[in-house]
Amino acid sequence: MRQAVARARFVRVSPLRAQLVVQEIRGKPVGEARRLLALSPKKAARLIRKVLDSAVANAVNNFEMDEEKLWVVKAFVDEGPRLKRLNPRAFGRADIIRRRLAHITIAVGEKEG
């Protein structure tokens, strides 16, 4: 099965929060996945929708697949590097704030049969 892949790297969203949204669309038809993402109130849904639209555009333009027959074959979120920020505390100490980044990957393909 041919697959079209799209990735968004170094996205400013926590990987755990993005994984919750990605789990909802994995294995679904593209139309249904788009509806779920449009109705989701989470910040990650907007970012994942962009990646999904990019994967669909890659499938249609590069592999000449039919957009109506596309399914979300693979969808996962990897952890990216962490941005470390310092927060001053009492007595000259500092707290580290870790701002997490994510790599979002979505693959779409035509379902056989």
Value rounded to 0.5 Å, distance of [atom1] in [X] from [atom2] in [Y]:
X      : Y      : atom1 : atom2 : answer
Phe10  : Leu101 : CZ    : CG    : 7.5 Å
Arg100 : Arg17  : CZ    : CZ    : 9.5 Å
Ser14  : Arg98  : OG    : CZ    : 13.0 Å
Leu52  : Leu47  : CG    : CG    : 12.5 Å
Leu37  : Arg49  : CG    : CZ    : 7.0 Å
Arg85  : Asn87  : CZ    : CG    : 12.0 Å

Look at the side-chain heavy atoms of Ile, Leu, Val, Met, Phe, Trp and Tyr, link any pair under 4.5 Å apart, and say whether [X] and [Y] land in one connected group.
X     : Y     : value
Val30 : Phe63 : yes
Leu70 : Val73 : no
Val72 : Val60 : yes

Which pair of non-hydrogen atoms, one from [X] and one from [Y], has the smallest distance, and what is that distance?
X      : Y      : result
Glu110 : Asp66  : OE2-N, 2.8 Å
Lys28  : Leu36  : CD-CD1, 4.0 Å
Val5   : Ala107 : CG2-CB, 3.9 Å
Ala8   : Val51  : CB-CG2, 3.5 Å

Worksheet item: Within a reach of under 6.0 Å around NZ of Lys74, are more than 12 heavy atoms found that belong to other residues, nucleotides or ligands?
Response: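 Check fails, neighbour count at 12 or below.
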Worksheet item: Sequence neighbours excluded, which residues qualify as side-chain contact (heavy atoms from CB on, under 4.5 Å) partners of Ala44?
Response: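 Testing Ala44 for side-chain contact (heavy atoms from CB on, under 4.5 Å), a comparison that skips the adjacent residues, returns Val13, Ala18, Val21, Ile48.
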Worksheet item: What residue pairs, at least two apart or across chains, pass salt bridge (charged side-chain N to carboxylate O under 4.0 Å, His left out) with a residue in residues 55-65?
Response: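 Matches after skipping sequence neighbours: none remain.
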Worksheet entry | Within residues 5-16 or reaching into it, pairs that qualify as salt bridge (charged side-chain N to carboxylate O under 4.0 Å, His left out) - sequence neighbours excluded |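 Qualifying pairs, neighbours excluded: none.
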Would you indicate whether the side-chain heavy atoms of [Y] and [X] approach each other to under 4.5 Å?
X      : Y      : result
Val11  : His103 : no
Lys111 : Lys69  : no
Val22  : Ile106 : no
Leu86  : Ile96  : yes

Practice prompt. Tell me, with the steps shown, if Arg34 and Glu67 meet salt bridge (charged side-chain N to carboxylate O under 4.0 Å, His left out).
Written response: CA-CA 12 Å; Arg34 280 182 172 155; Glu67 187 173 342; 3.0 Å; yes
Worksheet entry | Intermediate values then yes/no, side-chain contact (heavy atoms from CB on, under 4.5 Å), Ile104 and Lys50 | CA-CA 10 Å; Ile104 302 168; Lys50 282 184 174 183; over 6 Å; no
Practice prompt. May I ask you to say whether Arg26 pairs ionically with Glu32, meaning some side-chain N is under 4.0 Å from a carboxylate O?
Written response: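 No, no charged N to carboxylate O under 4.0 Å.
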